[in-house]
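Hydrogens, waters and symmetry mates play no part in the numbers below; they use all other heavy atoms, side chains included. We name chains A, B, ... by the order of the sequence lines, and we start the count at 1 in each one. Keep in mind that this is a model prediction, so the values were computed, not measured.
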Number of protein chains: 2
Amino acid sequence: MTRQGQRIQKEVLVILRRHLIPRSAYDVLGELRQISPKIAPPTVYRALAALTQRGRVHRLESLNAFIACQCDQHQNASILSICDDCGTVEESVAPDLVEELSGIAGQSGFAPTRHVIEVHGLCASCGTGDIPA
Amino acid sequence: MTRQGQRIQKEVLVILRRHLIPRSAYDVLGELRQISPKIAPPTVYRALAALTQRGRVHRLESLNAFIACQCDQHQNASILSICDDCGTVEESVAPDLVEELSGIAGQSGFAPTRHVIEVHGLCASCGTGDIPA
DNA sequence: TTATGTTATGTTATAATATAACGCAAGCCA
DNA sequence: TGGCTTGCGTTATATTATAACATAACATAA
């Protein structure tokens, strides 16, 4: 990775950390362009891929969007709880559950390498009726 | 749903059942058009949404693709194990794990409504070294 | 049966997401 | 420095998905 690559990854991470709700790659691109107007989609996707691989960012597969890791580093897969009302995402870590999941998938000889665990629903604030629609 | 809607849903299901590996919406559209050339994307997406809602088809969020339900009806969320080599998908049902997952997500008051559980890796055939790349 | 309201469908267009391909530059090492 | 490898910028385009609105199908009751 070059210095320029590092710079962009850092900028992307800063942008994602500004938000509690997921941003699409093009949302991030839009914000990046406020600083560096010439940036093109592949640059953003590369930065997001690198950050995701290093666990600094999580990709929400069911939203096609990204969020900064809230835990500041962990090796296990995250459980991402997505509020379908306000959009906030809560991250949980549960190594036992991931183990169990690997066990179930592995019953037929399947060898897991990556787990996608996302839960949709309503967060505590949106679900209580405190804030009726 | 009208008769035409039923017809298309049935055709989509037949197409998906012809394949053991997931098909994108546009793959399905392409096959549908061999029968009914004038079909447009929204028609396919509507049929897939209806079939998914009824549990006849599963959407693979991490692939943006669809596969026919292999279990022939179940109410619980599926665990979908996706072979990154040959593309086959194996479906498992594990109500206990889904319960546990709901419990973890619910610790903060989150109320789950839908679970996305996908595991990437290598299936038994691809992982054993029997068929080296 | 016809009128009427409601929901589903067809159609067009376009939005949103993602990546292929390739030339140039940066970093690395002899 | 020169040659090698990898990463990056750039252009173009592929892929996935939906908005919007007109029309058609169906249900119901007068």
| message | Using side chain to side chain contact (heavy atoms under 4.5 Å, CB included), reason through A/L48 and A/R23 one step at a time and then give a plain yes or no. | response | CA-CA 11 Å; A/L48 287 167; A/R23 315 290 286 163; over 6 Å; no

| field | Residue mapping more 5' on DNA chain C - nearest nucleotide basis, B/I39 or B/N64 | value | B/I39

| To the nearest angstrom, how far is B/L51 atom CG from C/dA8 atom C1'? | 15 Å

| task | Flag the pair B/H120 / B/L63 as yes when at least one side-chain heavy-atom distance between them is below 4.5 Å, and no otherwise. | result | yes

| task | Decide whether A/L51 and A/V44 are clustered together by the hydrophobic rule: side chain heavy atoms of Ile, Leu, Val, Met, Phe, Trp, Tyr closer than 4.5 Å, transitively. | result | yes

| task | Go through the side-chain N and O atoms of A/S92 and B/Q107 and say whether any donor and acceptor fall under 3.5 Å apart. | result | no

| So, is A/R46 close to the C/dA20 phosphate, meaning a side-chain N or O under 4.0 Å from OP1 or OP2? | no

| task | Using atom CD of A/Q6 as one end and atom P of D/dC8 as the other, report the distance to the nearest whole Å. | result | 9 Å

| task | Using a heavy-atom cut-off of under 4.0 Å over every strand shown, decide if A/R3 touches base, sugar-phosphate, or nothing. | result | sugar-phosphate

| field | Residues in side chain to side chain donor-acceptor pair (under 3.5 Å) contact with B/R59, at least two apart in sequence or another chain | value | B/E61, B/N64

| message | Does C/dG10 have OP1 or OP2 under 4.0 Å away from a side-chain N or O of B/T43? | response | yes

| query | Considering all heavy atoms of both residues, which atom of A/I8 and which atom of A/A47 are nearest to each other, and what is their separation? | reply | CG2-CB, 4.0 Å

| task | Could you please spell out the steps behind the side chain to side chain donor-acceptor pair (under 3.5 Å) verdict for A/R54 and A/Q9? | result | CA-CA 11 Å; A/R54 300 212 312 278; A/Q9 287 182 31; 2.7 Å; yes

| query | Can you tell me if the side-chain N/O atoms of A/Y45 get under 4.0 Å from OP1 or OP2 in C/dT19? | reply | no

| query | Hey, is CZ on A/R3 packed in by over 12 heavy atoms from elsewhere, all under 6.0 Å? | reply | no

| said: Side chain of A/T2 only, heavy atoms from C-beta on: which candidate in D/dT16, D/dC26, D/dC8 is closest? | reply: D/dC8

| said: Measure CG/A/L32 against P/D/dT10 and give the value in whole Å, please. | reply: 14 Å

| request: Evaluate whether atom CD of A/E99 has more than 12 neighbouring non-hydrogen atoms of other residues, nucleotides or ligands under 6.0 angstrom away. | output: no

| task | Give the rounded distance in Å between these two atoms: CG of A/L29 and P of D/dC8. | result | 16 Å

| Counting a pair only when it is Watson-Crick or G-U and both distances are under 3.5 Å, which runs of at least 3 such pairs involve DNA chain D? | C:1-30 with D:1-30

| field | Rounded distance (Å) that lies between atom P of C/dA16 and atom CG of A/L48 | value | 18 Å

| In whole angstroms, how far is the C1' atom of C/dA8 from the CD atom of B/Q9? | 11 Å

| query | Looking at A/Q4, does any N or O in its side chain come under 4.0 Å of the phosphate oxygens OP1/OP2 on D/dG9? | reply | yes

| Expressed in angstrom and rounded to an integer, what is the separation of B/R7 atom CZ from D/dA24 atom C1'? | 15 Å

| Members of residues 13-28 of chain B that approach DNA chain D, where some heavy atom sits under 4.0 Å away | B/S24, B/Y26

| field | Chi angles and distances behind the side chain to side chain contact (heavy atoms under 4.5 Å, CB included) call for A/L13, A/V57 | value | CA-CA 8 Å; A/L13 196 51; A/V57 160; 3.8 Å; yes

| message | Just the rounded figure in Å: distance from C1' of D/dA17 to CD of B/E61. | response | 13 Å

